[in-house]
Amino acid sequence: MTQLNLADLFPAEEQIPAEHRINQPIEQREYLIGGEMKPWNGATQDVLSPVLVKTDAGLARKRIGSYPITGPDEAMEVLDAAVKAYGDGRGEWPTMSVTDRIAAVEQFTRKMVQKKAEVVRLLMWEIGKSLGDSEKEFDRTVQYIYDTIDELKSIDRQNSSFTITEGIIGQIRRSPLGVVLCMGPFNYPLNETFTTLIPALIMGNTVLFKPPKHGTLLHYPLLEAFRSSFPAGVINTVYGRGNSVIPSLMESGKVNVLALIGSSRVADKLKKMHPKSNRLRAILSLDAKNAGIILDNADLDVTVKECLLGALSFNGQRCTALKIFFVHRSIAERFVEKLAAEVEKLKPGMPWDAGVQITPLPEPNKPTYLAECIEEARQDGARVVNEHGGQTAHSFVFPAVVYPVKEGMKLYREEQFGPVIPVVPFDDVEEPIQYLIHADHGQQVSVFGTHHEQIAHLVDQLVNQVSRVNINAQCQRGPDTFPFTGRKDSAEGTLSVHDALRAFSIRTVVATKQTNANKDIVNDIVNNQESNFLSTRFIL
Ligand code: G3H
């Protein structure tokens, strides 16, 4: 076995292309509250990149800046600002016309686009995402905002008319829910956060936004755009340790919606902190361990290509990643050899390197955890199939194909969220079905095969275990118009461009009996454009 010398891939400062360098650390000393950037003189959190640089003293994680560690008192002030802006549903923002709210979001988006280069650079440095994927994340987010605006226009058009049934005239629209606490994950710190934050805002809610631990600084360049595009207090930021600032927010009972993309353990704890859980709506995207089921008749070229993408895009750090493979025993050896050969071709490097596929991992403890998983599997009879699998240098871990994995190993049930590919051989397809039935997760599955009867049987078995069955394709969230959800510990609520607008609002009806007097009242209100809600104005 040869060594990859992964440590040699870390650059000296002068080897980093000038356009991707962070010349000055970004020291954030303010946070957004009530329409102002409030100065912060308290404790701060250093941000150390997963990218190490060569220094005279050896390799060291590059310090790229710092941000405030606000405490429970500041969190409560921020909450008060959001509560005030909502104004019991009578604030400027929740009562504003849909057209005007859309205009504010459009204004924000124009300003956001101007910050693309800064945000993309910070995505690379903060979470080690490749340049191409960081740009994709930014562009996809902007597209998501524009699609959300179009979808809201379309919903609003449908709601701009009256329904008359059983002598009752009604107009049905969607109203905001109140104060939303919005927390996103480190792997898509911009995109996944914005897929809840933007729908929450545009539906008229006010927001407390807590950026993820890895992936905080990249939001800093956008705060001025938020501040100047929305009325005071509509969007506010919270920083610091989750377990210090979030409990008091939840225990206040003033958070109406918890939008969390993270772990089910945290979601469960937070929900229970709310004094009136019936008043709390939760939109959650949580743990997943999506399985690939590879039948004996699978086209191995297509399968290996999709499995590689599914398991290792962004080093396997996607909630939708394929995190375990069940392969029919008759082709298992061939599959792992072919997959291992493809894994060996992947290019490790710095996020800005052309064609890079494996990059440093942002979670400091992840390399140790992955090494433990691999070692435990080895002790129990599995092997690392590819030559350089599991080789590690600081934050780099070269992907490992581990085979044969079995019940009892960490890799069998735990969500590794990193570049390790567990492969389990099976004799009867009932085995992976039973695995899914007994799993805590229920997000997606991928089925690989060429026999339609067999695929049809599996589809019918699996659609009641997970929320998306992919045929001869990796698991993924997109297109963003598709519903993204999961069963069991994988999700609560559904996100898509359309569904998210529903998730952050409630249908509200204004109704009256169909008498001449009432008809006159409604006609006067509509004709004189006296109400933002009771209206037939049509957004073009
Ligand atoms: O981390 C989970 C993301 O929602 C996955 O999105 O499937 O488009 O990579 P993706």
Side-chain angles (χ1 to χ4, degrees), residues 123 126-145 147-148 182-199 211-215 218 259-264 266-267 283-292 305-324 351 357-359 361-363 366 415-419 441-446 466-500 503:
L123 271 167
E126 259 188 297
I127 60 162
K129 190 169 273 194
S130 71
L131 174 61
D133 282 351
S134 297
E135 287 179 331
K136 234 188 269 168
E137 175 162 352
F138 190 95
D139 295 341
R140 176 180 177 183
T141 307
V142 170
Q143 188 56 48
Y144 190 94
I145 301 176
D147 290 347
T148 296
C182 194
M183 292 186 280
F186 82 78
N187 62 335
Y188 281 86
L190 182 76
N191 181 262
E192 292 230 276
T193 309
F194 277 39
T195 59
T196 60
L197 191 144
I198 295 294
K213 184 164 146 208
H214 310 293
L218 64 97
L260 168 74
I261 303 189
S263 83
S264 63
V266 170
I283 316 294
L284 311 172
S285 190
L286 307 169
D287 328 330
K289 180 137 173 129
N290 293 341
K305 185 168 155 272
E306 289 292 322
C307 291
L308 196 69
L309 271 179
L312 293 179
S313 302
F314 190 35
N315 313 304
Q317 301 167 120
R318 294 159 62 228
C319 59
T320 46
L322 281 165
K323 298 188 180 107
I324 189 161
Q357 288 154 306
I358 300 298
T359 53
L361 308 177
E363 293 175 289
K366 192 45 73 85
E415 180 181 12
Q416 69 273 33
F417 215 79
H441 313 102
Q443 192 197 63
Q444 299 190 18
V445 67
S446 290
V466 296
S467 294
R468 173 162 163 168
V469 177
N470 302 280
I471 300 172
N472 293 320
Q474 64 150 324
C475 297
Q476 62 181 43
R477 174 177 179 149
D480 286 327
T481 46
F482 279 23
F484 179 51
T485 182
R487 298 167 184 271
K488 299 190 239 179
D489 292 344
S490 285
E492 181 171 340
T494 302
L495 290 172
S496 74
V497 171
H498 177 79
D499 289 299

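Both ligands and their constituent atoms are indexed starting at 1 by order of listing. Values below: all heavy atoms of this structure, side chains included; hydrogens, waters and symmetry mates excluded.
- N315 contributes a side-chain N or O that, together with a main-chain N or O of T359, makes up a donor-acceptor pair within less than 3.5 Å.
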Checklist entry - Stepwise, does the side chain to side chain donor-acceptor pair (under 3.5 Å) test hold for N191 with E137? => result CA-CA 6 Å; N191 181 262; E137 175 162 352; 6.0 Å; no

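- Annotation: atom 6 (O) of ligand 1 to nearest protein heavy atom, R477 CB, 3.4 Å.
- Any N or O atom pair closer than 3.5 Å counts here, and C319 shares at least one such pair with ligand 1.
- The shortest N or O to N or O distance between R318 and ligand 1 is under 3.5 Å.
- At a heavy-atom distance under 4.0 Å, only side-chain atoms of R140, from C-beta outward, approach ligand 1.
- No part of N191 comes within 4.0 Å of ligand 1, judged by heavy-atom distances.
- Of all the heavy atoms of F314, none lies under 4.0 Å from any atom of ligand 1, so neither backbone nor side chain is involved.
- For atom 5 (C) of ligand 1, the nearest non-hydrogen atom of the protein is T320 OG1, 3.1 Å.
- Of the protein's heavy atoms, Y188 OH, 2.4 Å lies nearest to atom 9 (O) of ligand 1.
- Using modelled atom types, one side-chain atom of D287 and one backbone atom of S264 make a donor-acceptor pair closer than 3.5 Å.
- Considering R477, K129, Q317 in turn, K129 is the only one that fulfils the side-chain contact (heavy atoms from CB on, under 4.5 Å) rule with Y188.
- When atom types are taken as modelled, the side chain of S490 and the backbone of G442 share a donor-acceptor pair closer than 3.5 angstrom.
- By the 3.5 Å distance cut-off applied to N or O atoms, Q476 is not counted among the residues near ligand 1.
- No cation-pi contact links K323 to F417, judged by a cut-off of 6.0 Å to the six-membered ring centre and 45° from its axis.
- Nearest non-hydrogen protein atom to atom 4 (O) of ligand 1 is E192 OE2, 2.7 Å.
- In this model, a donor atom of one side chain and an acceptor atom of the other lie less than 3.5 Å apart for Q143 and D147.
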